[in-house]
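One structure is given below, encoded as structure tokens.
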Amino acid sequence: MRKMLAAVSRVLSGVAQKPASRVLVASRHFANDATFEIKKCDLHRLEEGPPVTTVLTREDGLKYYRMMQTVRRMELKADQLYKQKIIRGFCHLCDGQTLLPMQEACCVGLEAGINPTDHLITAYRAHGFTFTRGLSVREILAELTGRRGGCAKGKGGSMHMYAKNFYGGNGIVGAQVPLGAGIALACKYNGKDEVCLTLYGDGAANQGQIFEAYNMAALWKLPCIFICENNRYGMGTSVERAAASTDYYKRGDFIPGLRVDGMDILCVREATKFAAAYCRSGKGPILMELQTYRYHGHSMSDPGVSYRTREEIQEVRSKSDPIMLLKDRMVNSNLASVEELKEIDVEVRKEIEDAAQFATADPEPPLEELGYHIYCNDPPFEVRGANQWIKFKSIS
Amino acid sequence: MAAVAASAGWLLRLRAAGADGPWRRLCGAGLPRGFLQSASAYGAAAQRRQVAHFTFQPDPEPVEYGQTQKMNLFQAVTSALDNSLAKDPTAGKDRVFNTPLCEQGIVGFGIGIAVTGATAIAEIQFADYIFPAFDQIVNEAAKYRYRSGDLFNCGSLTIRSPWGCVGHGALYHSQSPEAFFAHCPGIKVVVPRSPFQAKGLLLSCIEDKNPCIFFEPKILYRAAVEQVPVEPYNIPLSQAEVIREGSDVTLVAWGTQVHVIREVAAMAQEKLGVSCEVIDLRTILPWDVDTVCKSVIKTGRLLVSHEAPLTGGFASEISSTVQEECFLNLEAPISRVCGYDTPFPHIFEPFYIPDKWKCYDALRKMINY
């Protein structure tokens, strides 16, 4: 009955329906690429910075759009699952920044500026990076729900996701920065022209170990790109109340730095390419500050409105939303049509739904795995349990 | 930074606003756990995992300290801090402030303030994050008086930190590091079990002339509600409390685990006819050896329980000392029911924590030894 009505309406309306519009899209002439102007970056100890214009091809544009939309939808889905108590634990979402939207431009933009063989390490807002570094949404959502299909076999959870050349996923604030410097040392030692992106937040920028890492990286000229994702709030403390100098790109002192608009994916991409080229040429480390924002609170337990006004969040959302920016750019310069992007939205939504379904239906890891992977040991040894009569095998 | 010249300076790092969260704990009797249900019952599994592994048992309303008010644990802590701040007439809002994110810095500053004689109360957001400050605590705070021959000390420093498992904390929001600090002479380590205890113990820590670390069981922040006196009062440190008299087995724990073993004691009485003596250790370092040993001499059996991993946990110290002092009185080996020797798991938490069934099982084996 419904089909008949649809057919009738199609005939009667005469307006091109979806199948017809697809034909329309294919025959419509899209530009192959377009040149955009991007914001100039503030520089510290650098004579010149990344270029102020960049070329975005249609193919890249669609790819970035899809990736950003996937990250956003994935985070919103994670939010939903958390509220349904299917995901438990501490869930730091990046839309806007890391757990929830807004910071998608950071993960996608950074990935666009480097090679898959480069290395990346970040703090706990890692879901977006886990995706851009190559894992599927299924594995990420399954890890959040703690199932065996998850990327860390369900043992890590939200804050501990890992992929090839992606070292997590670290819970302790600031602890990942010396690790990143170490990875950069390995890159230099291996001589394969790789760089390491070491990310941390504006809250972590006040940790002592960061400065230790700066010193070592500069001393030994390590190919390390320190990236500070400044979302203006360290959990609930605004940057003015926490930092003596809020110019985070200058905090490296003897390390050159640049400040990048983190909401504009093209700006992030160009800056990353510039920084990566700088490091690969052997000049030593470089610091990037990405100015970004997070809509949601610090984590799922933080409503996010007690230390800032709703108007502020709304304002940023309406003016600087990265997905919206990219979409406007692409549509206005005829790189894609609104329908095409909507199609991508629908596909992404479906992908996320499937992944969420998998994540909720997958079984949890078996109890025996409680003791696994404590050490690297051969042969397996026994882990003492809650009392002297309970023992678990530890296999690695 | 706090004005050093004042008589009472404060370093308080306020917690992130609205640290509520969707976790509402259902304090129910535990459903028998120990097996995983099929994934298709995920709804039921999610329901089950929300049930706490303990039931908070409030103490009777105290009468000797004046008017009381219904408070939960964090309100009791706030009340203690308010009382303490009120003792200094010059103290105002500027004495309570947030710091940047640097634990080593926070504790270091706290030690510095305390050395000049002002009172400093530092908060470390979660006990899991106390490790950057470990060097400052162990090498500076603990040894200041000793190495200066009592010329200087940082006794007016108190560090408070949320502690222990919370149901969904995973690796870095659930740790119980009291054993690391128990190995360090020069500091005091205190863990309360309830709002009334928390306020009294915290005020004692603040007034104590030694650097103290006060661990607050975060799972009890809202779950534990009791009548707590509004006026300041002190509960002496280094004194364990016998909260239930018994004659057959001694059960020792601290923090949240006290409520677990209380339930175990009730179960043992009901099902086995065994009379248990329940002791809340309260102060981990220096711990009350006399009370525990006196109890073991009476009963002959000891069970110690904590969430921290078994190897090197504080139960090993208690166990070792008790067997030294009371060897001939022991009827059975001392039993330790603790967390596994693994990092605190995310998904496996219900299996990791030493809940009442594991304690009950160990108790039974001890009785039948």
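Note that the structure is a prediction, hence the values are computed from the model and not measured.
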Quiz prompt | Exercise: identify the closest heavy-atom pair between B/P100 and A/A242 | solution = CG-O, 3.0 Å

Practice problem: Taking the side chain as every heavy atom from C-beta outward, state whether B/Q125 and A/M235 have any pair of such atoms under 4.5 Å apart. | Solution: yes

Quiz prompt | Region of B/T311 in contact with chain A, defined by heavy-atom distances below 4.5 Å | solution = both

Self-check item: Toward chain B, the part of A/A204 with a non-hydrogen atom under 4.5 Å
Solution: backbone

Exercise. Can you see which heavy atom on B/L101 is nearest to which on A/G203, and at what distance?
Key: CB-O, 3.2 Å

Practice problem: Kindly write out the residues that satisfy ring-ring contact (aromatic ring centres under 6.0 Å, His included) with A/Y162, not counting sequence neighbours, or none if the list is empty. | Solution: none

Quiz prompt | Structural part of A/H373 lying under 4.5 Å from a heavy atom of chain B | solution = neither

Quiz item: Distance from A/N206 atom CG to B/T99 atom OG1, nearest 0.5 Å?
Solution: 9.0 Å

Quiz item: How long is the gap from CG on B/L171 to NE2 on A/H160, to the nearest 0.5 Å?
Solution: 5.5 Å

Quiz item: Taking all non-hydrogen atoms of both residues, which atom of B/H346 and which atom of A/L144 are closest, and how far apart?
Solution: CE1-O, 4.1 Å

Quiz item: side chain to side chain contact (heavy atoms under 4.5 Å, CB included) with A/R138: which residues, sequence neighbours excluded?
Solution: A/S136, A/A355, A/F358

Quiz item: Is A/K155 close to B/F348 at the side-chain level, that is, under 4.5 Å between some pair of heavy atoms?
Solution: yes

Quiz item: Within a reach of under 6.0 Å around CZ of A/F166, are more than 12 heavy atoms found that belong to other residues, nucleotides or ligands?
Solution: yes

Self-check item: Candidate list B/Y172, B/F131, B/F126, test side-chain contact (heavy atoms from CB on, under 4.5 Å), partner A/I172, passing option
Solution: B/Y172

